[in-house]
Structure formats: structure tokens, C-alpha cells
Amino acid sequence: MSGLLSAFNVKSYRSSYSINSADTSISRSKQLEAAIPPSQIAALSSGEFVGMVADNPDQKIELKSFHCEILNDHEALKREQEGYKEIPIVKKLDSAIIQRSYLQIRQDVQDIVQSEMEMLLNDPSARHLVIRK
């Protein structure tokens, strides 16, 4: 999930002050923080989602982050699923058919490559395009 969260990082600027009897020092730092904390994402229920949108400089969006929920009509979904039909079998495949298809495709590719190589080698203006090993 860390890859997902990295897309929602924002820069946070921090300053810390240290004062003692001799002098005062100010330390400023810039850090990446999660715009949406992992704890909030981990606490989501099924159907909930959070996010953040970007805006354009000329079209500012005030509320960029959101927390929403998908509301499903479970009765309607159940009725729809009851109307599903089995997908008919168009052609029965076995491993021998798949292997033959694979070998045929492989041979077709080799034939195309050989044909193109011969065409390039037979054309004096294109012969330089072939790199010999």
C-alpha cells in the first residue's frame, strides 16, 4: 500500500526554534507527509474511499480531499445477478491445440523476420540498417 500512499504525499514546511541563554536558532525543514494518513485509509469500511484531486492555477478547487461511500442497491444487484446467463462455449480448447497455436505463431514470426531481413539485405539502400553480430 505504500506505493499507493506515495501518490498522495504533500510537502509540509516546519520550523523549530531553539532558545538558550547564548543565542536563538531557527531550523526550517521540508518534509513529505501523507495527505491522507494511512490510519484513515486502514479504517475505511467496504465501499468507502478517500482521495485528493489536483487543480489548475487558473481553476482553484477549495476542497481537494474527499471521503465518500458507494451506496449499493443490494436488492437490485441480486435481481440483476439472477438474470445472468451462462456464457456459451464457443470452442473447446485443450493443451495440444494451444501448443500447436503457439508453435504456429512462433513460426509465423520467424518467417516474417526472415522475410524482412532478406528484403533489407537485397536492397542496397537499406542494407546498412542490418546489424550483423
Side-chain angles (χ1 to χ4, degrees):
M1 195 172 225
S2 63
L4 173 66
L5 293 179
S6 66
F8 294 109
N9 287 337
V10 292
K11 287 182 186 174
S12 173
Y13 298 94
R14 296 179 186 240
S15 296
S16 63
Y17 302 93
S18 176
I19 303 171
N20 60 35
S21 61
D23 66 0
T24 301
S25 67
I26 301 172
S27 173
R28 292 191 175 98
S29 65
K30 186 173 28 172
Q31 295 177 323
L32 282 178
E33 292 184 347
I36 301 165
S39 60
Q40 183 180 359
I41 293 172
L44 295 175
S45 296
S46 177
E48 286 184 294
F49 58 98
V50 293
M52 179 172 272
V53 296
D55 60 9
N56 294 328
D58 59 334
Q59 295 174 323
K60 297 282 186 192
I61 299 173
E62 287 186 37
L63 298 173
K64 295 181 183 185
S65 55
F66 58 88
H67 181 176
C68 300
E69 182 179 2
I70 296 172
L71 299 175
N72 288 319
D73 182 348
H74 294 285
E75 288 301 317
L77 289 171
K78 185 177 179 183
R79 286 192 303 275
E80 180 182 333
Q81 288 174 346
E82 289 169 353
Y84 287 175
K85 296 178 182 174
E86 287 290 322
I87 299 174
I89 296 174
V90 177
K91 183 176 184 180
K92 186 107 172 134
L93 297 176
D94 61 17
S95 60
I97 293 172
I98 293 170
Q99 183 67 22
R100 278 195 307 272
S101 293
Y102 166 76
L103 293 173
Q104 182 62 52
I105 291 168
R106 187 174 171 186
Q107 185 61 51
D108 290 347
V109 169
Q110 287 175 349
D111 292 346
I112 291 169
V113 168
Q114 185 63 35
S115 154
E116 291 298 310
M117 290 294 289
E118 287 175 12
M119 183 184 70
L120 289 172
L121 289 171
N122 291 330
D123 181 355
S125 65
R127 194 175 293 147
H128 69 282
L129 296 173
V130 177
I131 299 172
R132 296 182 189 266
K133 291 184 180 181

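Since the structure is predicted, the reported quantities are computational estimates derived from the model, not experimental observations. FYI, side chains are in, hydrogens and waters are out, and symmetry mates aren't considered; it's all heavy atoms of this structure. Index from 1, following the sequence.
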Donor-acceptor pairs under 3.5 angstrom involving side-chain atoms of residues 66-79: please list them, not counting sequence neighbours.
residue	atom	partner	partner atom	Å
His67	NE2	Glu48	OE2	3.1
Asp73	OD1	Glu75	N	3.4
Asp73	OD1	Ala76	N	3.3

Using 0.5 Å steps for rounding, measure from the CD atom of Glu62 to the CG atom of Asp55. 10.5 Å
Just wondering, are more than 12 heavy atoms of other shown residues or ligands nearer than 6.0 Å to OH in Tyr102? no
Within one Ile-Leu-Val-Met-Phe-Trp-Tyr cluster: Met117 and Leu129, side-chain cutoff 4.5 Å: yes
Spatial distance of atom CD1 (Ile19) from atom OG (Ser25) [nearest 0.5 Å]: 8.5 Å
Tell me yes or no: between the side chains of Gln114 and Glu118, is some donor less than 3.5 Å from an acceptor? yes
Euclidean distance, Asp111 CG relative to Arg106 CZ, rounded to 0.5 Å: 12.0 Å
Should Val109 and Leu120 be regarded as members of a common hydrophobic cluster, given that ILVMFWY residues are connected when their side-chain heavy atoms come within less than 4.5 Å of each other, either directly or indirectly? yes
Residue Ile61 excluded, over 12 heavy atoms near CD1 under 6.0 Å: yes
For the pair Asp94 (side chain) and Ala96 (backbone), establish whether a donor and an acceptor sit closer than 3.5 Å, ignoring hydrogens and angles. yes
Spell out, as yes or no, whether a donor-acceptor pair under 3.5 Å connects the side chain of Asn20 to the backbone of Asp23. yes
Which atoms form the tightest heavy-atom contact between Leu93 and Ile97, and what is the distance? CD2-CG2, 3.8 Å
Are there more than 12 heavy atoms of other residues, nucleotides or ligands under 6.0 Å from atom CZ of Arg28? no
To the nearest 0.5 Å, atom CD of Gln107 lies from atom CD1 of Ile112 at 10.5 Å
If Ile, Leu, Val, Met, Phe, Trp and Tyr residues are connected whenever their side-chain heavy atoms lie under 4.5 Å apart, and connections chain through other members, are Val113 and Val130 in the same group? yes
